[in-house]
Number of protein chains: 2
Amino acid sequence: MKKISESTVRRLSLYLRFLQEASDGGLDTISSDELAQRGGTTSAQVRKDLSFFGSFGKRGLGYSVPELLRQIQEILGLSRSWKVALVGAGKIGSALFSYRDFQLRGFHIRAVFDTDPTKVGAAWGDLTVRDDGEMDAALREQGIDMVIVAVPAEAAQGVVDRVVKAGVRAILNFAPIRLRVPSSVALRNVDMTVELEGLSFALINR
Amino acid sequence: MKKISESTVRRLSLYLRFLQEASDGGLDTISSDELAQRGGTTSAQVRKDLSFFGSFGKRGLGYSVPELLRQIQEILGLSRSWKVALVGAGKIGSALFSYRDFQLRGFHIRAVFDTDPTKVGAAWGDLTVRDDGEMDAALREQGIDMVIVAVPAEAAQGVVDRVVKAGVRAILNFAPIRLRVPSSVALRNVDMTVELEGLSFALINR
DNA sequence: AACAGCTTGTGAAAACATTCACAAAATAAA
DNA sequence: TTTATTTTGTGAATGTTTTCACAAGCTGTT
């Protein structure tokens, strides 16, 4: 398969969101142009993005909302549910844990770990925060697909090394640090400081 | 000035981080290659990024850590402090509020707003959560530079319209929705669902 | 002073991503 | 059935970003 760029994948995610809104609104057909307007891009971009995966539209008509919805879910691997573990039961971890959108889209948090003895044992929903020492074995046993890292920067690389060794191949990192992972592991960073600094740059340059 | 790409700005942010680490480690000189290794990029990329803003290095030697640190801070507008308001006092808002890195880098949260009467009036550090109705006036009065949006998706566009009308020109959005803002306003999105979906895609495509 | 060893700064080349532009396919109306 | 209208899918053109490659400049050594 041809190499798909990260920006294409990001946009697919957005298209999916608009399709869900359109679907909720009872719309059953949508054009590349409508999709584009909502995502701040162009209709050509939408069509090009989709064209990497097939021809989903009807000329003269546009796309069937439910069908395109299903197709993009398939493309992104969202027709199945993923087992997620959360490492770090601090403020950010806790906010992520109760973030409804995750569950809604098939990302199920199945385990939470922390090193802090005052946190271990706490009940989070129907889970119990477990000791960090149990993590490595638990990741394998539970067949965890993805790990969300929400620990302090100093601890993050150590956690990730263990997570990778335990066979996990996708990591979402919230710690403000650039992690090293083998190229076989997918890594995304949510780096709030970088975003704020980008805004700062934008403010002084116009 | 020539147009600087968003990726360049992002990388400058990362370089800044490494320089701070290097500085803490007592290093006083660093090469583009060392900077590159840590950021997962190439030395040519580092030099090109910096070259948009000037010549900060010494051939044969590299860059002076404290000087490059200062220069990048200047470029990113971090030598001053920014006044930030937080809209949304839920889980995510609360996690962001106590995120030490922000204050550390000159982003000072000066006001918190929410619509929920059970939250309004609560003491957060030395601030009090204020009613959403006070926001528009307060943003102007306090001379807020940036707003962090941490409200539910349904409420986000409404908040942003008011924030823009109040003269704020930089917005960091955590709501899972594509916001519309005038082109004069800088907007960054932190979209955790998009990131997770990107990981999902990566998992099923290798 | 000349040389060896590094590392920067930068045009030019290559790779990658977006936009253009239009033939092809679908529908609806006459 | 023909025509008008719409919108897709896609090569080709354009624009942007990254990488290459090397002269120029700095330091330390002989």
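Quick note on labels: first sequence line is chain A, next is B, and so on, each numbered from 1.
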Intermediate values then yes/no, side-chain hydrogen bond (donor to acceptor under 3.5 Å, both in side chains), Q157(B) and D161(B): CA-CA 6 Å; Q157(B) 185 65 60; D161(B) 290 345; 2.8 Å; yes

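- Summarising the geometry, the separation between CG on D33(B) and C1' on dG9(C) is reported as 15 Å, rounded to the nearest angstrom.
- Between the side chains of S43(A) and R47(A), at least one donor N or O lies within less than 3.5 Å of an accepting N or O.
- Counting to the nearest Å, the C1' atom of dG28(D) and the NZ atom of K58(B) are 15 Å from each other.
- Close to dT19(C), at under 4.0 Å from its OP1 or OP2, lies a side-chain N or O of Q45(A).
- Protein atom CZ of F53(B) is 14 Å distant from nucleotide atom P of dT10(C), rounded to whole Å.
- Taking 4.0 Å as the cut-off between side-chain N and carboxylate O, R10(A) and E6(A) count as a salt-bridged pair.
- Picking from dT8(C), dT8(D), dA17(C) the nucleotide with the shortest atom distance to the side chain of S5(A) gives dA17(C).
- Computed from coordinates, the K48(B) NZ to dC22(D) C1' distance equals 13 Å when rounded to whole Å.
- Taking atom CZ of R47(B) as the reference point, atom P of dT7(C) lies 10 Å away to the nearest angstrom.
- You'll find a donor-acceptor pair under 3.5 Å spanning the side chain of R59(B) and the base of dT8(C), going by distance alone.
- Here the side chain of D101(A) pairs no donor or acceptor atom with the backbone of R105(A) at under 3.5 angstrom.
- Rounded to an integer number of Å, the gap from R11(A) CZ to dA17(C) C1' is 8 Å.
- Distances shown here put a side-chain N or O of T42(A) below 4.0 Å from the OP1 or OP2 atom of dT19(C).
- Side chain of A44(A), nearest nucleotide from dC20(C), dG9(C), dA17(C): dC20(C).
- For D49(A) and dT19(C), the CG to P distance is 10 Å, given to the nearest whole Å.
- Nucleotide dT7(C) holds its C1' atom 17 Å from the CZ atom of F56(B), rounded to whole Å.
- In this structure, S32(B) reaches the dT8(C) phosphate: one of its side-chain N or O atoms is under 4.0 Å from OP1 or OP2.
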From CA spacing to verdict: side-chain hydrogen bond (donor to acceptor under 3.5 Å, both in side chains), S31(B), E34(B): CA-CA 5 Å; S31(B) 69; E34(B) 292 169 285; 3.2 Å; yes

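- Closest-nucleotide positions on DNA chain D for S51(A) and L61(A) were compared, and the one nearer the 5' end corresponds to L61(A).
- Of the side-chain N and O atoms in Y63(A), one or more sit less than 4.0 angstrom from OP1 or OP2 of dG9(D).
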